[in-house]
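First up is the structure itself, then whatever we jot down about it.
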Amino acid sequence: MSLATRERTQTPAPAGGLELWTWFFMRISGIVLVFLVLGHFTIVHLLGEGVDRVNFAFVAGRWSSPLWQTWDWTMLTLGLIHGANGLRVVIDDYVRRDGLRAALKSALYVASLIFLLLGTLIIVAFDPAKGS
Amino acid sequence: MPGPAGGEATIRVLRYDPDAGGAPRWQTYRVPYEPMDRVLDALHAIKWRADGTLAFRRSCGHGICGSDAMVINGQNALACKVLIKDLSQPITVEPIRGLPVHKDLVVDMEPFFDAYRKVLPFLVNDDPAPDRERLQSPADRARYDDTTKCILCAACTTSCPVFWGDGQYAGPAAIVNAHRFVFDSRDRASNERLAVLSDKVGAFRCRTVFNCTRACPRDIHVTRAIQEVKSEILKRRV
Ligand code: FES
């Protein structure tokens with residue numbers, strides 16, 4: 001079959017897939033995190049009396065507001081997934097043995113999921129009354 | 001460093017003899033050189049006058065065939081394009097990294113060409129042929145001009161740490177050659193190429209290290225071409 005006679009119509013669109021979307025996610029989450037993290041540092045650690053005023057009551061006060069709950073939860077989620085995906089990529093790049101790579105990635109996913117659930121639980125179900 | 005008058009160069013070559021086995025070892029040669037001599041001339045001087053067992057590839061001797069990419073003073077380059085007088089001595093010469101070494105500076109290029117073939121590096125257009133040639137505007141031609149310059153020397157691919165570490169990554173050269181056709185207005189198979197490159201071992205494996213751009217003896221903006229391929233895949237998906 002020569003190329004000249006070969007039937008070839010343009011296939012619809014490239015598959016894309018996980019690598020495309022994780023790559024895109026890294027770009028977007030990276031930009032969002034710059035603002036969230038710098039904002040967090042400025043507001044919590046620099047403004048007013050700075051980091052010295054941060055104690056249980058300060059956190060309790062902040063997390064009674066849906067704005068700060070959402071801010072912190074978004075920062076947690078994006079940061080965790082962004083970091084976990086970075087580690088996934090490092091493992092893919094540098095671990096050659098299939099078994100070891102699968103084991104490391106499973107451990108990474110399980111740990112990330114636990115951290116994500118724990119963090120979410122603390123932010124969402126935070127009860128200031130329990131602190132005293 | 002010797003002055004522009006030339007002199008005697010000390011060259012250390014990483015040698016490997018498959019028949020003798022064992023690990024690669026360094027061998028030092030001293031060669032007289034003229035001011036306009038290149039590393040390739042020094043290798044010729046060694047092979048022709050001092051040690052005929054030295055193995056390396058070269059063909060055109062003028063930076064066009066792409067056969068003599070090697071690691072010169074730690075940097076991927078064509079031996080026929082690097083002047084001895086521009087290098088600090090002793091000059092070290094090693095085979096390009098990440099491909100199996102056959103002998104001395106000769107490596108097995110098959111994995112490199114396998115990745116190249118996968119991206120369909122040829123024009124595909126089965127539309128009925130026009131009366132004369134398939135016309136293209138100068139602007140459309142300019143879109144992929146940079147990536148037409150590739151000579152497949154593998155200097156970029158074998159400078160990429162992802163390629164060294166993993167051994168499966170398609171590598172910059174394959175992506176550059178896909179780019180050359182993906183952005184050609186006459187081509188009809190760009191989606192197929194982009195599908196190959198959206199794979200796990202495709203363009204998204206690039207970590208923008210920029211080693212490839214630095215290594216390219218043709219000054220192709222390799223990393224930029226790879227990024228353009230990535231965003232083209234994204235554009236066609238959203
Ligand atoms: S010998 Fe042909 S590119 Fe160097």
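So you know, we letter chains A, B, ... as the sequences are listed, proteins then strands, and number each from 1.
- Below 4.5 Å, heavy atoms of chain A meet heavy atoms from B:Gln227, B:Lys230, all part of residues 219-230 of chain B.
- Within a 6.0 Å radius of NE2 in A:His45, more than 12 heavy atoms belonging to other residues, nucleotides or ligands are found.
- Between B:Arg205 and A:Asp93 the shortest side-chain heavy-atom distance falls below 4.5 Å.
- Within a 6.0 Å radius of CZ in B:Arg57, more than 12 heavy atoms belonging to other residues, nucleotides or ligands are found.
- The part of B:Arg207 that comes within reach of chain A is its side chain, from C-beta onward, which places non-hydrogen atoms under 4.5 angstrom from that chain.
- Between B:Leu234 and A:Trp23, the closest side-chain pair of non-hydrogen atoms falls below 4.5 Å.
- Nearest approach of B:Asp199 to A:Glu19, heavy atoms of both residues: O-CG, 4.2 Å.
- Inspection of non-hydrogen atoms places A:Val89, A:Asp92 of residues 81-92 of chain A under 4.5 Å from chain B.
- More than 12 heavy atoms of other residues, nucleotides or ligands shown are found within 6.0 angstrom of CH2 on B:Trp164.
- In this structure, CG on A:Leu20 lies 10.5 Å from OG on B:Ser231, to the nearest 0.5 angstrom.
- Within a 6.0 Å sphere centred on CZ of B:Phe113, other residues, nucleotides and ligands contribute more than 12 heavy atoms.
- Sparse packing is recorded around CZ of A:Phe41, with 12 or fewer heavy atoms of other residues, nucleotides or ligands lying under 6.0 Å away.
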